[in-house]
Every structure is written in structure tokens, then in C-alpha cells.
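Since the structure comes first, as C-alpha cells, the remarks are kept for the end.
For ligands, and for the atoms within them, numbers begin at 1 and follow the listed sequence.
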Amino acid sequence: MVDLNLLKSCFNLSSLKLQVKLVDTLDSTNAEAKRQIAEGNTQDLLIISSQQTAGQGRLTRTWFSPKGGLYFSLVTSPRLGQQFAPLTSLLCGVAVANGLQSLGIDNVKLKWPNDVLVMEDKISGILNELVLIDSVESRMVLGIGINQNIHTSEFPEEIATRSISVLDILERVTSPESLLCSIINEIDRLLGIVETEKSYVSILTSWRVLSGTLGRRVRVDDGTRVFSGYAESLLDDGSLVISTEVGREIVTMGDVTHLRSD
Ligand code: BTN
């Protein structure tokens, strides 16, 4: 269980004014975040749960959420307007990668749009949702799950082979407060950059440096078609440019699989 006082004492925030809610068990921290928004909570809010009974992943998948992992949702306003909401996922990926690196984990890479990998295995997933309140107002729910103090050998077989955890890599238990705090402080810092520069350009530059997708052969499933190609670049709206045998494709949503180049 996260120690709330320890957590609050390490926050160093300027962009976020956080209310923190710590729970032992929830269905999903994203679902709870959306309930709070529906009840009229307009504050920046951090919801943390020690475990989730119905953790949600992207594309209607589930997120395996036993005790030992880190599961949280941050609710805040979309910076620079709703149309930039997809870029917040990339921002969160950068923050999680930096948080993992601060624990001493090397080879952290980002897979478009929002998976965090170590040695090609998934260590963290991000589920960001835009919640419209009325025609002008909206809130962002930034949901982040990290395989922290649990061995992936205990995961269900179908995900164990593609997953890795902080415990697998470092072979020691690490502090959830430290990891959570460095990620939240980093999200706050990156949001501050977006506000100052009125642009996500710096965030995209950091994402490109951390990317494991750019320069790779990939298979794309955009919901309507599946095709393969070479991930050429990331555009300033966060979409991925794939060069295929028949020309260029611009992917704005969907699922990417990294392929071996041989
Ligand atoms: C994915 O990789 O498909 C995204 C996984 C996101 C999981 C996190 S855990 C905290 C938050 N609450 C949820 O129900 N999902 C996100």
C-alpha cells in the first residue's frame, strides 16, 4: 500500500493542483475517475489503487492488476484544447520512461502510441480518455499501470511471455511512492513546458528519442485494415507515418506490433 504522507512529501508540483485518493481495491482507477467527473469533481485528481478487479486496457482489453503493481489515474484538464488530447498519451509515455530510468532501468523504449517496453517486453501501459463535460469543458483521464513489485512469471500465461516487471529486472522491491512521485512530478514538468511553449513540440522531441518504434518494421492494425511497413516518422499531431510497398500511410489510431527486421 502506498504511504500517502510519504507520497505527498515528495511532490514538487507547479502545473497540477492535486487532490489524492488512495484506495485498496477498485474495479478500475479510470472508471473511478470518470465517476468522480460525473459527480462534478472539477479538481486535478490522482486516484491510486493497490489492485484492480476490472483493470481496463486499450482497445477493450483488460489490464491484469494484482497487488504489487502500480495502478493510478490522473485527472486534469487537456492542455491547449481537446484536439491535443492524443498527445497527452505520448507525454505520459515519456514521463513513465523517465520514472523507470530514475530507478536505474536501462533500455526503456516507447512503442507507439503508448506502451512502455524494456527489451521488447511490456512493463507499463497507458490508457488515456477524454471526457466531455459540455460543448466547451472536458477532462483528461490519464490511466497508467506499471508492473512493479510482482514477477511476471505469476502472470497468466497468455501475457507472461510479452511482459516484464521492475522486480524481474532489478531483482529487488522498489518504493511505489518514489516511482509514482517521479512520474507525477515529470508529468507536471512536461505539462508546464506545454503551457509555457504553447506547443507539444518539445514533448514530441523527447518521445522520438525514446521511441522503439521509429526506424522499425511494424505491423499496423488500424481497426479497419492490417498492413506492414517501416515506421518512418512521428508527425507533430502524434500520428505515425508508415512507408509501405505501395506508398505512405498515416496512422492516427490503432495497434502496432514491432516486427523483426530480418
Ligand atoms: C494498455 O496497455 O492497454 C493500457 C493499460 C492501462 C492500465 C491502467 S492501470 C490504471 C488505469 N486504470 C485502468 O483501468 N487502466 C489504467
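Looking only at protein heavy atoms, the nearest one to atom 8 (C) of ligand 1 is Gly145 N, 3.5 Å. Here the protein heavy atom with the shortest distance to atom 2 (O) of ligand 1 is Lys122 NZ, 2.5 Å. For atom 11 (C) of ligand 1, the closest non-hydrogen atom on the protein side is Thr29 OG1, 3.2 Å. Looking only at heavy atoms of the protein, atom 5 (C) of ligand 1 is closest to Trp63 CE3, 3.5 Å. Protein heavy atom in closest approach to atom 3 (O) of ligand 1: Arg58 N, 2.6 Å.
Crowding of Arg248 atom CZ: a count of heavy atoms from other residues, nucleotides or ligands under 6.0 Å not exceeding 12.
The existence of a salt bridge linking Arg139 and Asp44 is confirmed by a sub-4.0 Å separation between a basic side-chain nitrogen and an acidic carboxylate oxygen. For Arg35 and Asp27, the salt-bridge test passes: some basic side-chain N is under 4.0 Å from an acidic carboxylate O. Using a 4.0 Å cut-off between a side-chain N of Lys or Arg and a carboxylate O of Asp or Glu, Lys21 and Glu32 qualify as a salt bridge. In this structure, Arg208 pairs ionically with Asp236, as a charged nitrogen and a carboxylate oxygen lie closer than 4.0 Å. Comment: Glu120 does not engage Lys109 in a salt bridge, judged by the lack of any side-chain N to carboxylate O separation of less than 4.0 angstrom. A salt bridge does not link Asp115 with Arg162: none of the charged nitrogens is closer than 4.0 Å to a carboxylate oxygen. Under 4.0 Å is where a charged nitrogen must lie from a carboxylate oxygen, and between Asp255 and Arg58 at least one such pair does.
The contact set between ligand 1 and Leu127, taken as ligand atoms under 4.0 Å from a residue heavy atom, comprises 6 (C). Close approach of ligand 1 to Gly57 is summarised as follows: ligand atoms under 4.0 Å from at least one heavy atom of the residue are 1 (C), 3 (O), 4 (C), 5 (C). Atoms of ligand 1 found under 4.0 Å from any heavy atom of Gly55, numbered from 1 in the order shown, are 14 (O). Below 4.0 Å from some heavy atom of Ser28 lie the following atoms of ligand 1, by number and element: 12 (N), 13 (C), 14 (O). Those atoms of ligand 1 that come under 4.0 Å of a heavy atom in Asn30, given as number and element, are 11 (C), 12 (N), 16 (C).
The shortest N or O to N or O distance between Gln56 and ligand 1 is below 3.5 Å. The distance criterion of under 3.5 Å between nitrogen or oxygen atoms is not met by Tyr71 with respect to ligand 1.
At a heavy-atom cutoff of 4.0 Å, ligand 1 is contacted by the backbone of Ile126 but not by its side chain. With a 4.0 Å cut-off on non-hydrogen atoms, Gln52 touches ligand 1 through its side chain and not its backbone. Using a 4.0 Å cut-off between heavy atoms, Asp115 contacts ligand 1 through its side chain alone, with no backbone atom that close.
Using cut-offs of 30° and 60° for the angle between ring planes, the Tyr200 and Phe84 rings count as parallel.
A donor-acceptor contact closer than 3.5 angstrom is absent between the side chains of Asp237 and Gln83.
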